[in-house]
2 protein chains.
Amino acid sequence: MSFMTGPAQRSPRRSDALSRERIVEAAIQILDTAGESGLTVRAVTAHLSTGRGAIYHHVATKDDLLAAAAGGVVGPVLADAAGHDDPARAIRALALGIFDAIDAHPWVGAQLAREPFQPAVLQIWKSLGVPLHRLGVSGTALADAGAALVNYVLGAAAQHAAGARQAPDDAARQQYLEALAGQWARDDADSLVRESAGLLPGHDDREQFLAGVDIFLAGVVSRAGGRP
Amino acid sequence: MSFMTGPAQRSPRRSDALSRERIVEAAIQILDTAGESGLTVRAVTAHLSTGRGAIYHHVATKDDLLAAAAGGVVGPVLADAAGHDDPARAIRALALGIFDAIDAHPWVGAQLAREPFQPAVLQIWKSLGVPLHRLGVSGTALADAGAALVNYVLGAAAQHAAGARQAPDDAARQQYLEALAGQWARDDADSLVRESAGLLPGHDDREQFLAGVDIFLAGVVSRAGGRP
DNA sequence: ACCTGAACACCGTTCAAGT
DNA sequence: ACCTGAACACCGTTCAAGT
């Protein structure tokens, strides 16, 4: 979005009036750079070179700001991923879009899991509900399937994001998973646990996420009325 | 000095030496009473009538304490729910046990969604993996199915807990959902959205959670080798 | 109306000093 | 060895005062 032409220019047009939009934009930038713990009201004021109280003129609370920032990331993603004819394809594309967005902005994962009816979560609900309906589900079954899918997507994304947060690069991740698998296998005599531990370092979160979406889709289809 | 002449001895053997166990116990009690924001190191020291630094002698960090508290709640639940012969039944019992525990201790929901490989999450992984295997899934398919189920359970529980946190009693919840459904239906012309909004106030989170588990189970069975 | 920045009431964590 | 509690370096939020 912002194209930095050089290191000389630090603050972008600070003469502009403050607005909710500009504050949310700054928050997203800070969250991407410094993580969730880096988002402080003081950091936002420094970024926008303004006073503390000015922020509260446009934003109710820090939680409000976090939710708005999450919405700012999720909204465009849902818009981009929409528009598939095949409903199952549409669901996969949406789910993957959300996953990738959270992979790129881990703090979004934690935020979406925190509030059930924040704007970003409602948007996800709506965008997944439409293709689910076209899959032949409606009424209470649609509500159940929609809740299950949304909860799975948010849960998986949150877990992945939490993992990404504590092992940022692939090498660290690999090392961490191997250590964990080793410990796991050592602590437990169960052969099943050992087998699962062995698979831990090699697996790809994104593929596994998609496999979960497919399991879910298979379940919905099989319950909706069997196969044709 | 503090003179506790109060009603017949409220604190249990405060002469006992401090220990990790006693600190975790106190944390659980505080979290249940005052919620996540009520858990401060100062509150713990007050509860145990000790100094700040003493806590850090037995616990590495506040996050460590939170994770241990979650483990203290989840562990017994998993032990109680185990031991069903029928694997599908076992999975339902475990999932429901976790859901109910999080319903009773909402802070656990937020905590489990935060760290992917904390002890409590590993325990959940193991306890769900065994019946899944007995359902006829193994190898990579087992890892995929296990991840999907765990992520769904944790995601749904986190969302439910977040909802429970902001609308504690049934009346508040009802009112909140009705307001939300109204707003939702007003903002959106889509008939599908309106239909879903109408179902919102009447639904039961626990039943919907179980419906999701069943969708998932149907998906696993249908992918594992079709129906007999 | 919008903004400033000092002040308030908190945090988690550390550490010299006690027993 | 275990514990104390003052001190440190932070927080989010408010509010009288400025423009």
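Hydrogens, waters and symmetry mates are skipped; everything else that's a heavy atom, side chains included, is used. Proteins come first, then strands; the chains are lettered A, B, ... in the order of their sequence lines, and each starts at number 1. Everything numeric here is computed off the predicted structure, so don't read it as measured data.
In this structure, A/Arg92 and A/Val213 approach most closely via the heavy-atom pair CG-CG1, 4.2 Å.
In this model, the phosphate group of C/dC2 is not approached by any side-chain N or O of A/His58 to a distance below 4.0 Å at OP1 or OP2.
Salt bridge annotation for A/Asp205-A/Arg173: present, with a cationic side-chain nitrogen under 4.0 angstrom from a carboxylate oxygen. Taking the charged nitrogens against the carboxylate oxygens, A/Glu36 and A/Arg114 do have a contact shorter than 4.0 Å, which makes a salt bridge.
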What dot-bracket string describes DNA chain C from 5' to 3', counting Watson-Crick and G-U wobble pairs whose defining distances are under 3.5 Å, with [ ] for crossing pairs and | for pairs to another strand?
||.|||||...|||||.||
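What separates CG of A/Leu65 from P of D/dC11 is a distance of 15 Å, to the nearest Å. Taking atom CG on A/Leu18 and atom P on C/dG5, their separation rounds to 13 Å, with Å as the unit. Per the geometry, CZ belonging to A/Arg22 stands 15 Å off P belonging to C/dC2, to the nearest Å. One can place CD1 of B/Ile55 at 14 Å from P of C/dC11, the figure rounded to the nearest angstrom.
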Across nucleotides 12-19 of chain C, 5' to 3', mark each nucleotide with B, S or - according to how protein heavy atoms within less than 4.0 Å reach it.
BBBB----
Run A/Gln183 and A/Leu180 through side-chain contact (heavy atoms from CB on, under 4.5 Å) and show every step you take.
CA-CA 5 Å; A/Gln183 185 200 10; A/Leu180 187 76; 4.1 Å; yes
Output, in order, the C-alpha distance, side-chain angles, deciding distance and verdict of ring pair (Phe, Tyr, Trp, His ring centres under 6.0 Å) for B/His160 and B/Phe99.
CA-CA 9 Å; B/His160 172 72; B/Phe99 182 89; 4.6 Å; yes
